[in-house]
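Presented below is the structure to which this report refers.
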Protein chains: 2
Amino acid sequence: MGLDKRKRQVLYAIVHDYIQTGEPVGSRTISRRYELGVSPATIRNEMSDLEEMGYLEQPHTSAGRIPSDLGYRFYVDFLLRVPSLTRQETEMIKRVLSLRMRSAEEIVQQLARLLSALTSYTAIVLGPSESQARLRQVQLVPISSRQIYLVGVTDGGLLLNRMIEVPGGVAPESLAYLQQWLNQRLAGLTLEQIKAQSLADVQHDMQISIDLFETVVDELLGIAHRPEAGKVYLGGTTNILNQPEFHDLQKVRTILELLEEDALIWQAIAQVAGKGISVSIGTENPLSAMHDCSLITAEYRLGGGLVGHFGLLGPTRMNYERVFALVQGVCDTLNQLYGKES
Amino acid sequence: MGLDKRKRQVLYAIVHDYIQTGEPVGSRTISRRYELGVSPATIRNEMSDLEEMGYLEQPHTSAGRIPSDLGYRFYVDFLLRVPSLTRQETEMIKRVLSLRMRSAEEIVQQLARLLSALTSYTAIVLGPSESQARLRQVQLVPISSRQIYLVGVTDGGLLLNRMIEVPGGVAPESLAYLQQWLNQRLAGLTLEQIKAQSLADVQHDMQISIDLFETVVDELLGIAHRPEAGKVYLGGTTNILNQPEFHDLQKVRTILELLEEDALIWQAIAQVAGKGISVSIGTENPLSAMHDCSLITAEYRLGGGLVGHFGLLGPTRMNYERVFALVQGVCDTLNQLYGKES
DNA sequence: TGTTAGCACTCTCCTTTGGCGAGTGCTAAT
DNA sequence: ATTAGCACTCGCCAAAGGAGAGTGCTAACA
């Protein structure tokens with residue numbers, strides 16, 4: 001924080017300019033484009049100071065300066081001026097997200113498309129975690145003698161499906177009984193609560209086999225068992241090809257290969273993400289393949305207890321101001337549309 | 001074919017060598033690596049002839065020759081020597097495809113992974129068409145007052161799900177009645193047959209509103225209405241980055257952007273694919289973005305009438321012999337595993 | 001007539017060279 | 001504390017030259 005006003009102005013100017021042009025910024029450029037009222041020489045001195053403090057870097061002697069990860073960090077934390085979205089953008093977000101969609105999956109897929117279309121970065125959306133999902137009802141559909149299809153409906157009106165194998169086979173009456181029991185007992189609870197609840201007291205009043213009961217409940221809670229895995233939805237994977245910093249095929253490959261690894265991506269985002277909007281810049285990222293990238297993440301809520309995270313992955317030279325505005329706008333719109341229980 | 005034995009040998013040698021090295025093949029190379037018993041000069045003459053006939057091309061004066069699309073075509077049609085798979089490869093295919101999988105989607109996803117892992121090309125698998133799927137039973141699950149969830153089970157034991165909106169609302173009895181009727185009347189038929197069948201005679205014996213009936217049947221046939229769309233599963237998208245001919249970022253972008261367009265991909269494959277294994281070489285491809293690529297496609301069958309297509313997309317300089325062997329092996333294994341009704 | 005050796009020629013690829021431009025750091029003046 | 005001036009550094013680019021690979025042609029040969 002030991003930065004006086006002018007140093008901040010210079011740092012802001014450099015980051016801002018570099019984000020727009022992608023080329024190292026020289027002292028002359030700054031004094032021309034940003035009205036700081038001082039000469040290039042003065043700015044040079046400031047730049048020299050900033051470099052020594054670690055906020056700037058020089059690609060090579062006698063090129064301009066570019067921000068270091070630390071420089072971006074300071075910029076994001078203290079200098080950012082988040083603009084507001086244009087009317088059209090707001091409209092577009094609203095329009096796309098309020099398309100008639102039938103499942104959480106569709107919403108999430110649209111979200112990925114939308115984010116990537118608006119930013120020229122790659123959008124990553126983690127499928128909503130079901131452990132917070134509140135069950136409204138459960139239906140057990142007999143498929144074959146040994147298979148049951150479980151259809152759960154969350155408070156938000158979204159579906160959770162599971163195919164359940166029951167080695168022993170099931171009689172239709174048992175199924176009906178079990179279904180009724182599940183609905184009576186579990187409706188309104190989240191999967192997590194169900195899991196936490198002691199189900200020990202069940203046994204005595206059940207008219208069906210414990211085996212069947214356990215199989216079904218286990219499967220219903222299935223996803224909650226492995227919270228570190230989940231579906232990953234991508235949008236605009238090819239956008240990074242348009243970024244000048246990825247004109248290097250090697251870098252492109254690194255990133256694209258990473259994006260195929262759902263598990264890694266999931267973990268990385270889960271690790272980085274916080275409650276509101278979080279930013280992870282360059283080497284701050286847990287995965288070394290992302291050390292040239294920045295990741296902006298946020299939480300979304302679809303109602304009925306379905307929450308998840310999404311992120312935008314771009315070069316460290318990403319347009320933070322715009323992305324912040326956009327992410328904020330998308331979150332607001334989602335809350336507005338799905339926030340109240342539907 | 002107006003190619004004498006030696007011309008065939010030369011053509012084979014050039015295609016074979018170019019596929020392996022990726023570099024234009026000169027007359028010296030051929031006489032050294034392939035024992036044709038003639039001197040480079042003679043081969044030069046043959047090459048000159050082959051070029052005039054359109055089977056070869058010269059990138060520039062005084063480089064070696066490379067096969068033209070026509071050259072590859074002749075090679076694929078008449079010269080190919082399909083090797084057999086190694087024991088390990090056969091094992092691997094069998095192992096991967098016989099993992100316990102519960103839905104067609106999972107199988108198809110595994111298929112894409114497998115194909116791309118075994119080649120260094122991009123695997124494209126089109127989700128199975130449901131229009132040939134034979135229905136075993138249908139279950140209608142009430143979700144809310146205005147929503148029904150339709151769960152269909154195919155003869156193969158795979159699921160077809162649809163959410164159906166019924167503006168007017170449904171009484172549980174109507175639903176039960178409708179379900180029973182559907183099962184009596186439609187079981188064992190394919191969606192296509194159901195669609196073709198006149199449902200005009202229905203009206204008189206129905207105790208439920210025509211509206212409800214039509215909504216549900218329409219939705220059940222939904223997919224059949226738009227056969228030109230469908231889910232596309234990819235594997236090994238980044239594999240093309242390893243191909244030397246795609247060291248050009250522009251080309252990479254073209255292909256990767258194409259691969260994000262599910263609808264285009266679907267159409268392209270559907271258009272190209274035939275009954276057995278088909279090959280579409282370079283400019284033979286319907287999409288101009290694929291004019292530098294070859295696409296090998298084949299049909300797969302999952303039982304219960306679920307059939308679809310898959311393909312391998314690589315440079316025209318693709319290893320056709322190996323890919324043929326592999327595709328054949330995969331088809332055989334799939335037939336073996338899922339071919340008989342399960 | 002088909003095949004082969006010899007040779008001049010062509011074209012790409014790689015490296016070297018030198019000039020240009022942008023930007024810096026230092027010094028001395030204000 | 002700020003600024004003008006200036007020498008210096010370094011990457012970029014285009015031009016030049018040499019090496020290598022391969023061809024096409026011609027003339028000799030079986």
Side-chain angles (χ1 to χ4, degrees), chain A residues 2-11 13-18 20-68 71 244-245 247-248, chain B residues 2-11 13-18 20-68 71 244-245 247-248:
Chain A
L3 293 194
D4 59 33
K5 184 170 178 194
R6 197 168 62 196
K7 281 202 173 46
R8 287 161 168 259
Q9 287 181 321
V10 172
L11 181 55
I14 291 178
V15 176
H16 190 259
D17 212 78
Y18 184 61
Q20 296 200 317
T21 66
E23 311 217 318
V25 189
S27 52
R28 253 185 83 79
T29 314
I30 294 185
S31 80
R32 232 185 311 116
R33 282 210 262 265
Y34 301 80
E35 315 214 329
L36 301 190
V38 288
S39 79
T42 308
I43 294 179
R44 275 207 288 283
N45 290 330
E46 298 288 20
M47 284 162 80
S48 185
D49 290 354
L50 285 169
E51 181 172 1
E52 203 163 340
M53 296 186 208
Y55 296 111
L56 297 180
E57 286 172 355
Q58 243 177 331
H60 45 264
T61 330
S62 90
R65 302 300 210 292
I66 62 175
S68 66
E245 30 267 281
H247 274 3
D248 180 12
Chain B
L3 290 194
D4 60 34
K5 186 170 177 196
R6 196 169 62 196
K7 282 200 172 50
R8 286 160 170 261
Q9 288 180 320
V10 172
L11 181 54
I14 291 178
V15 176
H16 190 259
D17 212 79
Y18 184 60
Q20 297 199 317
T21 66
E23 310 219 318
V25 189
S27 53
R28 255 186 81 79
T29 315
I30 292 185
S31 80
R32 232 186 309 116
R33 282 210 261 266
Y34 300 80
E35 316 214 327
L36 300 190
V38 290
S39 77
T42 308
I43 295 178
R44 274 207 288 283
N45 289 331
E46 298 289 20
M47 285 163 79
S48 185
D49 291 353
L50 286 167
E51 181 171 2
E52 204 164 341
M53 298 185 207
Y55 294 111
L56 297 180
E57 287 172 354
Q58 243 178 331
H60 45 263
T61 329
S62 90
R65 303 298 210 294
I66 62 174
S68 66
E245 29 268 282
H247 275 3
D248 179 13

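If you're wondering where the values come from, they're calculated on a predicted model, not measured in any experiment.
- Rounded to whole Å, the distance from CE on A:Met47 to C1' on C:dC26 is 16 Å.
- Residue B:Thr42 places no side-chain atom within donor-acceptor reach of the base of C:dT3, judged by atom type and a 3.5 Å distance cut-off alone.
- No N or O donor and acceptor, one from the side chain of A:Arg28 and one from the base of C:dG21, sit under 3.5 Å apart.
- One distance of note links NE2 of B:His16 with OH of B:Tyr34; it measures 5.0 Å at 0.5 Å rounding.
- You'll find the side chain of A:Leu56 reaches within 4.5 Å of the side chain of A:Leu11, heavy atoms only.
- A:Thr42 has its side chain within reach of A:Arg6: a pair of non-hydrogen atoms, C-beta onward, lies under 4.5 Å apart.
- The CD1-C1' distance, from B:Ile43 to C:dG2, rounds to 15 Å in whole Å.
- For C:dT4, the base has no donor-acceptor partner in the side chain of B:Ser39 [N/O atoms by modelled type, under 3.5 angstrom].
- The nucleotide whose nearest atom lies closest to any side-chain atom of B:Ala41 is, among C:dG23, C:dT4, D:dT23, C:dT4.
- If you check C:dT10, C:dT3, D:dG22 against the side chain of B:Arg6, the one that comes closest is C:dT3.
- The distance from atom CD of A:Glu23 to atom C1' of D:dG11 is 12 Å, rounded to the nearest whole Å.
- The side chain of A:Val38 lies closest to D:dT3 when the candidates are C:dG23, C:dG25, D:dT3.
- Put simply, the side chain of B:Arg33 reaches to within 4.5 Å of the side chain of B:Thr21, judged on heavy atoms.
- Under 4.0 angstrom from either OP1 or OP2 of C:dT24 there lies at least one side-chain N or O belonging to A:Ser27.
- To the nearest angstrom, P of C:dT27 lies 12 Å from CG of A:Asn45.
- Atoms CZ (A:Arg33) and P (C:dA22) sit 13 Å apart, rounded to a whole Å.
- Checked by atom type and distance alone, the side chain of B:Ser68 pairs as donor or acceptor with a backbone atom of B:Gly54 at under 3.5 Å.
- Between the CZ atom of B:Arg44 and the C1' atom of D:dC25 there is a distance of 10 Å, rounded to whole Å.
- For B:Thr61, counting side-chain heavy atoms from C-beta on, the closest listed nucleotide (D:dC10, C:dC11, D:dG22) is C:dC11.
- Straight-line distance from the CG atom of B:Leu36 to the P atom of C:dG2: 18 Å, rounded to whole Å.
- Atoms CZ (A:Arg65) and P (C:dG23) sit 12 Å apart, rounded to a whole Å.
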